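Structure, as structure tokens:
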Amino acid sequence: MNLTSIPAFQDNYIWTLNNDRGDCLIVDPGEAAPVLTAMAKNQWRPAAILLTHHHHDHVGGVKELLQHFPDLVVYGPQETQDKGSNRLVAEGDKVAILGLEFSVIATPGHTLGHISYYSAPYLFCGDTLFSGGCGRLFEGTPQQMFNSFQKLNQLPEETLVCCAHEYTLSNMKFAYSLLPQDTKIAGYYREIKELRAKNAVSLPVTLAFERQINVFLRTQDTDLQKFIGVETPPQQEWQVFATLREKKDHF
């Protein structure tokens with residue numbers, strides 16, 4: 001399988017997976033034009049669309065794509081029903097495309113109905129888990145997003161995190177402001193600054209690496225807890241997550 005990120009809007013990525021025959025899967029097409037251009041250039045044929053949530057920059061291109069390919073199956077959560085989805089899926093469902101079986105994982109937080117799709121090694125997690133960060137809480141609670149992170153963190157370490165925005169630089173700047181003495185975070189922050197100065201893509205990234213540099217996956221870290229002033233027992237770890245998200249909101 002070939003994984004491709006198609007730039008859209010200011011910082012979105014529309015992910016595609018294609019096989020050697022040219023059949024392709026499209027994830028969160030916020031606009032149709034760049035997808036149609038990529039399909040024409042590469043002679044791809046769309047096999048299906050996966051939607052993670054209802055925000056316009058993830059679903060805005062669906063209806064135009066359906067005009068070109070009216071028989072296309074569009075999988076999505078309940079909240080995308082009026083955005084072009086014609087096959088609703090939820091936690092525990094399986095989606096078979098291109099010889100792969102994707103597990104549907106409920107990951108509320110950014111929106112209440114947000115879902116992610118996983119088929120080893122690919123994780124399409126929309127606006128839940130970002131490289132070095134997490135999505136804003138537009139509808140859900142910090143505890144919901146924390147629980148969603150715990151679910152995704154149970155996936156194998158070689159999982160490829162295919163999130164929907166190029167936010168890595170701002171996320172690493174935030175992480176560095178919290179833990180400047182952390183060599184992994186400091187080193188990756190420097191690396192990402194150089195990478196983005198060349199307008200290069202920072203994704204995908206492995207879950208194993210995220211566990212080292214993403215502070216939202218390190219809520220059990222005592223140094224981090226001390227720095228932000230929230231030292232809690234494991235059952236209250238979500239409060240560390242909530243404080244981090246609040247700090248990031250005002251960073």
Side-chain angles (χ1 to χ4, degrees), residues 5 8-15 27-31 49-62 74-85 88-93 102-118 122-155 159-172 174-175 202-205 207 210 214-219 237-251:
S5 59
F9 303 114
Q10 184 177 351
D11 50 36
N12 281 71
Y13 290 132
I14 300 167
W15 290 96
V27 184
D28 283 353
E31 54 181 340
I49 293 175
L50 301 181
L51 301 178
T52 61
H53 65 291
H54 67 82
H55 287 162
H56 180 76
D57 62 323
H58 293 252
V59 302
V62 173
V74 182
Y75 297 92
Q78 179 71 42
E79 65 179 39
T80 63
Q81 186 170 20
D82 61 346
K83 308 293 184 180
S85 288
L88 297 180
V89 290
E91 169 91 21
D93 287 343
F102 287 89
S103 298
V104 178
I105 306 169
T107 48
H110 182 68
T111 67
L112 289 176
H114 196 296
I115 60 174
S116 299
Y117 300 85
Y118 171 71
Y122 309 106
L123 171 66
F124 298 113
C125 51
D127 286 0
T128 298
L129 168 63
F130 291 126
S131 184
C134 85
R136 284 185 178 272
L137 303 177
F138 286 115
E139 298 174 12
T141 67
Q143 193 162 9
Q144 284 178 315
M145 185 67 104
F146 172 77
N147 291 337
S148 294
F149 262 57
Q150 299 315 296
K151 278 188 193 177
L152 297 183
N153 201 24
Q154 292 172 19
L155 296 174
T159 297
L160 290 177
V161 178
C162 304
C163 50
H165 289 273
E166 183 58 74
Y167 289 163
T168 312
L169 180 58
S170 63
N171 288 335
M172 292 313 302
F174 174 66
S202 69
L203 303 166
V205 63
L207 185 58
E210 280 301 299
N214 191 324
V215 292
F216 292 93
L217 287 171
R218 290 176 52 175
T219 50
E237 212 174 286
W238 69 268
Q239 293 179 358
V240 179
F241 191 98
T243 301
L244 287 171
R245 185 60 258 183
E246 184 179 9
K247 286 183 176 297
K248 181 62 167 67
D249 287 342
H250 298 97
F251 183 68

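These numbers were taken from a predicted model, which means no experiment stands behind them.
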Looking only at atom types and distance, does a side-chain atom of [X] sit under 3.5 Å from a main-chain N or O of [Y], one as donor and one as acceptor?
X	Y	result
T80	K83	no
D28	T52	yes
N12	D57	yes
N147	Q144	no
R245	C134	yes
N153	F149	no
E31	F9	yes
D249	R136	no
E91	V104	no

field: Residue of the set H53, H54, H58, H55 for which ring pair (Phe, Tyr, Trp, His ring centres under 6.0 Å) holds with H114
entry: H53

With rounding to the nearest 0.5 Å, note down the distance linking [atom1] in [X] to [atom2] in [Y].
X	Y	atom1	atom2	value
L203	F130	CG	CZ	9.5 Å
I115	F102	CD1	CZ	12.0 Å
H110	E139	NE2	CD	8.0 Å
Y118	T159	OH	OG1	4.0 Å
E246	L137	CD	CG	10.5 Å
L217	Q150	CG	CD	7.5 Å

message: List the residues meeting side chain to side chain donor-acceptor pair (under 3.5 Å) with Y13, not counting sequence neighbours, and say none if there are none.
response: E166

message: Under a 3.5 Å threshold, yes or no: a donor from one side chain and an acceptor from the other, between T107 and S116?
response: yes

Tell me the closest heavy-atom pair linking [X] and [Y], and the distance in Å.
X	Y	value
C163	S131	SG-N, 3.8 Å
S5	W15	CB-CZ3, 3.6 Å
I14	A8	CD1-CB, 3.8 Å
S85	L51	OG-CD1, 3.4 Å
T168	S202	OG1-OG, 2.6 Å
T128	S148	CG2-CB, 4.3 Å

Test log, rule side-chain contact (heavy atoms from CB on, under 4.5 Å), inputs D127 and F138: CA-CA 11 Å; D127 286 0; F138 286 115; over 6 Å; no

query: Could you walk me through whether V215 and F174 pass the side-chain contact (heavy atoms from CB on, under 4.5 Å) check?
result: CA-CA 9 Å; V215 292; F174 174 66; 4.2 Å; yes

query: Taking L207 as the fixed residue, which of L129, L123, L152, L160 is the one that meets the side-chain contact (heavy atoms from CB on, under 4.5 Å) rule?
result: L129

